[in-house]
Amino acid sequence: MYDYVALTTMMLFAVSALSKATAFRSFKAAIRSFSLVRPAAVTPLAVAVLSSEVLVVLLLMAGGAAAVGGFILAICSLLVYTAAISTVLIRRQAVICNCFGPSDRAVSPWDVSRNVLLIGLCVTGLPLGDALQWQLSMTLEYLLLGGGLAAVSTVLIINLRDVGRVIVRGI
């Protein structure tokens, strides 16, 4: 169970970081459009967000006590993201997030729900963080099953808005 939580969290933050890094200008434009920081702070903030997401992945990969730090950093990051998204929703601003790469969709309550789900996932893994030790002795079947389940979960969480709408409206 714990490996699944750690793998899913790593995959989510890795996809998020990679998408921000490959479309850095779009990501900076998204930060600017939130109107929460001065223009001069946009680039340093974008670098800090990207760096923190990479650090979450590295800490979780390290396992042990470092994984606890990774989950704490992930939770803190997600709380900040949720506060920023909530602020623009309260202001009724149509802002594009670019959370997982360039998009044309404005932030919505689904983005807040996704982050709350991710915070819950990280909180679930937090007490067991010290126990996480990636082992070379893990079988290929175990890694494929756990990694496959984490990959499916990652795709579902990233696309929570679409999944939720299908569930609410029906197929």
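- Transitive grouping of hydrophobic side chains (ILVMFWY, heavy atoms separated by less than 4.5 Å) brings Val123 and Met10 into a common cluster.
- For the atom pair Leu79 CG and Ile119 CD1, the distance stands at 4.0 Å (nearest 0.5 Å).
- The CD1 atom of Ile85 lies 12.5 Å from the CD atom of Gln93; values are rounded to the nearest 0.5 Å.
- Checked by atom type and distance alone, the side chain of Thr9 pairs as donor or acceptor with a backbone atom of Val5 at under 3.5 Å.
- Among all heavy-atom pairs drawn from Arg91 and Leu36, the shortest one is NH2-CD2, 3.6 Å.
- Residues Phe13 and Val49 share a hydrophobic cluster, clusters being chains of Ile/Leu/Val/Met/Phe/Trp/Tyr side chains in contact below 4.5 Å.
- If you take CZ on Phe34 and OG1 on Thr87, they are separated by 9.0 Å, rounding to the nearest 0.5 Å.
- Surrounding CZ of Arg38 are at most 12 heavy atoms belonging to other residues, nucleotides or ligands under 6.0 Å away.
- No side-chain heavy atom of Asp111 sits under 4.5 Å from any side-chain heavy atom of Tyr81.
- Pro109 and Leu89 get closest at one heavy-atom pair: N-CD1, 3.9 Å.
- From Ser77, atom OG reaches atom CD1 of Ile72 across 11.5 Å, with rounding to the nearest 0.5 Å.
- Taking both residues in full, the closest heavy atoms of Cys122 and Leu78 are given as SG-CD1, 4.2 Å, listed atom of the first, atom of the second, then distance.
- In terms of heavy-atom proximity, Leu121 sits nearest to Thr8 at CD2-CG2, 3.8 Å.
- Closest approach of Ser33 to Val95, counting heavy atoms only: OG-CG1, 3.2 Å.
- Here Glu53 contributes atom CD and Leu58 contributes atom CG; the two are 12.0 Å apart, rounded to the nearest 0.5 Å.
- Hydrophobic cluster membership is shared by Leu45 and Val42, with clusters built from Ile, Leu, Val, Met, Phe, Trp and Tyr side chains linked at under 4.5 angstrom.
- A side chain to side chain contact (heavy atoms under 4.5 Å, CB included) with Leu55 is found for one member of Leu73, Leu50, Leu60 and no other, namely Leu73.
- The only member of Leu118, Leu117, Val112 that meets side chain to side chain contact (heavy atoms under 4.5 Å, CB included) when paired with Asn115 is Leu118.
- Between Phe24 and Ala46, the shortest heavy-atom contact is CZ-CB, 3.6 Å.
- Using a 4.5 Å cut-off on side-chain heavy atoms (C-beta onward), Ile96 and Val107 make no contact.
- Put simply, the side chain of Cys76 does not reach to within 4.5 Å of the side chain of Val80, judged on heavy atoms.
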